[in-house]
Number of protein chains: 2
Amino acid sequence: MATIHDVALKAGVSVTTVSRVMNNRGYISEATRTKVYAAMDELGYQPNEIARSLLRKQSNILGLIVPSVSHPFFSELADRIEYYAYQKGYKVLLCNSQLDPVKERDYIEMLKRNRVDGIMMGSHTLEVDDFMSLRSPIITFDRQIREDIPYISSDNYEGGRLATERLVSQGCRKIAHICGNLQLDLLANRRTDAFRDVVQRHGVAHLIIQTDMNVFDQARYEQLLRELLVAHPDIDGIFATSDIIGAFALKECELAGKRVPEDVKIIGYDDVNAARWLSPELTTIRQPIDDFGKLAVELLSKQVEGETVEIRNALPVELVIRGTA
Amino acid sequence: MATIHDVALKAGVSVTTVSRVMNNRGYISEATRTKVYAAMDELGYQPNEIARSLLRKQSNILGLIVPSVSHPFFSELADRIEYYAYQKGYKVLLCNSQLDPVKERDYIEMLKRNRVDGIMMGSHTLEVDDFMSLRSPIITFDRQIREDIPYISSDNYEGGRLATERLVSQGCRKIAHICGNLQLDLLANRRTDAFRDVVQRHGVAHLIIQTDMNVFDQARYEQLLRELLVAHPDIDGIFATSDIIGAFALKECELAGKRVPEDVKIIGYDDVNAARWLSPELTTIRQPIDDFGKLAVELLSKQVEGETVEIRNALPVELVIRGTA
DNA sequence: TTGTAAGCGTTATCAC
DNA sequence: GTGATAACGCTTACAA
């Protein structure tokens, strides 16, 4: 592949001059400019960004760590992040931790070695120490790993409240809440707090089921829901902590001969596209995924520029009423 | 951030020695090795991969261009690609073309400037010329852009045949096929060829609807299906070219008061996870997404090593019978 | 077993 | 207006 030297040679000028026309810096005569451009596309020249990065100490690459892009929430988030990153001239390095702490740590080290300009963590392993040594800007989703690391989340308590209030107001008398692993110190746990509060205030019967969120195991979700409906046939409301779980709840209800929303009402969480693939469409709590992505890139690029940013970034949620509750 | 010089200084050796310790090359005494390691983690040293890449002329980065990772097929494909890339020591740069030719071309140039080791194209714009100048290995999904560029696809004709035969054998007498834009020269169009052949052989009434696949517009899918069911209330079979379209078909059928599979039978394509979120679960043609990802990384890494690879890579498909047909 | 120095492809600094 | 040259952080002959 052609280098700046080849271009200089062909154009009969020095590399400095070539560099100048590329970057539009300093004065250059029209004549040289034309010569250089001619040489450049004659050679199909593309400047080597690696060399530039080395010199500039900036890679213009952002690392994104998620449990798995195959999960709709993260795939939509990744999509928005890429969108805004591109607008600001950043590239996105995709890392799936598969919720494996070893892989996650490994990826963090890789990102450090590759001198990425910033890291976005959508993954939840507990190893906090690894971030300590981290010099580059970092932000997390839905997790406060340290006092000084900015995080993005939505108003989880409000989301939980909205969902539960809806279920109660629609007449549910026994509500199941299916949530992730509460041991993991996620901000998403506030949804469960709200669920407890609302349900107790209204004196509504309820139960809380923790899924082992360490794996996105569809078969497990299915089994869990099935068992739940068998063990508690009188459940008339389900508040799931993701639309995917909500979808399985819907499917298992119908399989069990229960009508939704007549017999059982269901509310999901996230409002991913898939919520509208179901019939009836899923009532859910909408997280502003687009805003998440936009803010993530913004927080990082501001830090790159040396600005300080807000640590707590909680975005509003919204109850989206559709066909299941 | 610490450099190799800092480590050398602290350990009281030369940079060469540090490099040797890092890469396990040549002979080094146990004593120096220990000293160097000590210095390294005292400084939290991480070798600069950018400098390495520059020297080695290998970035160990693979570029992945897809229309949008938010689409389940591509999100699952990206997940598998990342999985296998990681195993081989490659990183993945995520590029969403949004099916915008400008952005796609822009990304290709960007990837060239960043000297990625290979490019995987899951996007479908028509600009072929841009690949001409491409020196780095490249592979495409479901598209043959040039005689000498390897592609990965599944047996699309067989998939179309399997789906249509199933519909016919289940008693469908008027089948709608919803496919992408047939102008785009995609291998996926073979599904439509098969549909035509089978349906004609059996003398079954049919119609073919092209969606403008240039956008993943859910509202459009919805409208299209709704209009179809109104215009042709006697349709009793639908073969959709993706599970997502299949999901919308299912939803619109139920909305129109038609029972699935009793009144209308539906078959999707891809077998993404979402196919099993619906109720009834979607009967579909399974594409081996995991194998796609594995093969993609393999083809690229082999080319990096200088091996030549198979140009045509068509993987087998499979009819997965579930609840809709 | 270890060190010196050149070079990877750029850009910034300073001359001319 | 343009050109040498040093540097970015690393690896690799080639010496010692």
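FYI, side chains are in, hydrogens and waters are out, and symmetry mates aren't considered; it's all heavy atoms of this structure. In what follows, every chain begins at residue 1, and chains take the letters A, B, ... in the order their sequences are listed.
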Between CG of A:Asp291 and CD1 of A:Ile152, what distance do you get to the nearest 0.5 Å?
-> 10.0 Å
Starting at atom CD1 of A:Ile28, determine the distance to atom P of D:dT2, rounded to an integer number of angstrom.
-> 8 Å
For A:Met40 and C:dT10, give me the distance from atom CE to atom P, rounded to whole Å.
-> 10 Å
Rounded to the nearest Å, what distance is computed from the OH atom of residue B:Tyr27 to the C1' atom of nucleotide D:dA15?
-> 18 Å
Kindly write out the residues that satisfy side chain to side chain donor-acceptor pair (under 3.5 Å) with B:Tyr83, not counting sequence neighbours, or none if the list is empty.
-> B:Gln87
Listed partners of B:Phe292 passing ring pair (Phe, Tyr, Trp, His ring centres under 6.0 Å), at least two apart = none
By side-chain contact (heavy atoms from CB on, under 4.5 Å), B:Arg33 pairs with (sequence neighbours left out) B:Val21, B:Asn24, B:Ile28, B:Glu30, B:Tyr37
Angle separating the five-pair end axes of the helix from C:dT1-D:dA16 to C:dC16-D:dG1, nearest 10°, is 50°
Could you tell me the separation between the NZ atom of A:Lys35 and the P atom of D:dG1, rounded to a whole number of Å?
-> 13 Å
Chi angles and distances behind the salt bridge (Lys or Arg N to Asp or Glu O under 4.0 Å) call for A:Lys103, B:Glu82 | CA-CA 12 Å; A:Lys103 193 174 178 194; B:Glu82 184 277 346; 3.2 Å; yes
Rounded to whole angstrom units, what separation is found between the CG atom of A:Leu43 and the P atom of C:dG9?
-> 14 Å
So, is A:Lys57 near the phosphate of D:dA7, with a side-chain N or O under 4.0 Å from OP1 or OP2?
-> no
Keeping to residues at least two apart or across chains, list the side chain to side chain donor-acceptor pair (under 3.5 Å) pairs with something in residues 298-314 of chain A.
-> none
By nearest-heavy-atom nucleotide on DNA chain C, the more 5' of A:Val18 and B:Ser29 is B:Ser29
Closest contact, heavy atoms only, B:Ser97 versus B:Ile65 | CB-CG2, 4.1 Å
Starting from P on C:dT10, measure out to CG on B:Leu54 and report it in whole angstrom.
-> 9 Å
Is there a donor in the side chain of B:Thr16 and an acceptor in the side chain of B:Ser19, or the other way round, less than 3.5 Å apart?
-> no
For A:Asn273, which residues count as a side-chain contact (heavy atoms from CB on, under 4.5 Å) partner, sequence neighbours excluded?
-> A:Glu76, A:Arg276, A:Trp277, B:Gln218
Heavy atom of residues 45-53 of chain A under 4.0 Å from DNA chain D: which residues?
-> none
In residues 4-14 of chain A, which ones come under 4.0 Å of DNA chain D, going by heavy atoms?
-> A:Val13, A:Ser14
Extract from the structure each pairing of a protein N or O with an N or O of nucleotides 12-16 of chain C at less than 3.5 Å, listing the distance.
{"from": "C:dA12", "atom 1": "OP2", "to": "A:Arg25", "atom 2": "NE", "distance (Å)": "3.2"}

Pairs where residues 53-62 of chain A contributes a residue and the test side chain to side chain donor-acceptor pair (under 3.5 Å) is met, not counting sequence neighbours | A:Ser59-A:Asp117
side-chain contact (heavy atoms from CB on, under 4.5 Å) with A:Ser29: which residues, sequence neighbours excluded?
-> A:Ala31, A:Thr32
Sequence-distant partners of A:Val297, side-chain contact (heavy atoms from CB on, under 4.5 Å), two or more places apart = A:Ile81, A:Tyr84, A:Ala85, A:Lys88
Candidate list A:Thr140, A:Leu62, A:Leu111, test side-chain contact (heavy atoms from CB on, under 4.5 Å), partner A:Ile119, passing option | A:Leu111
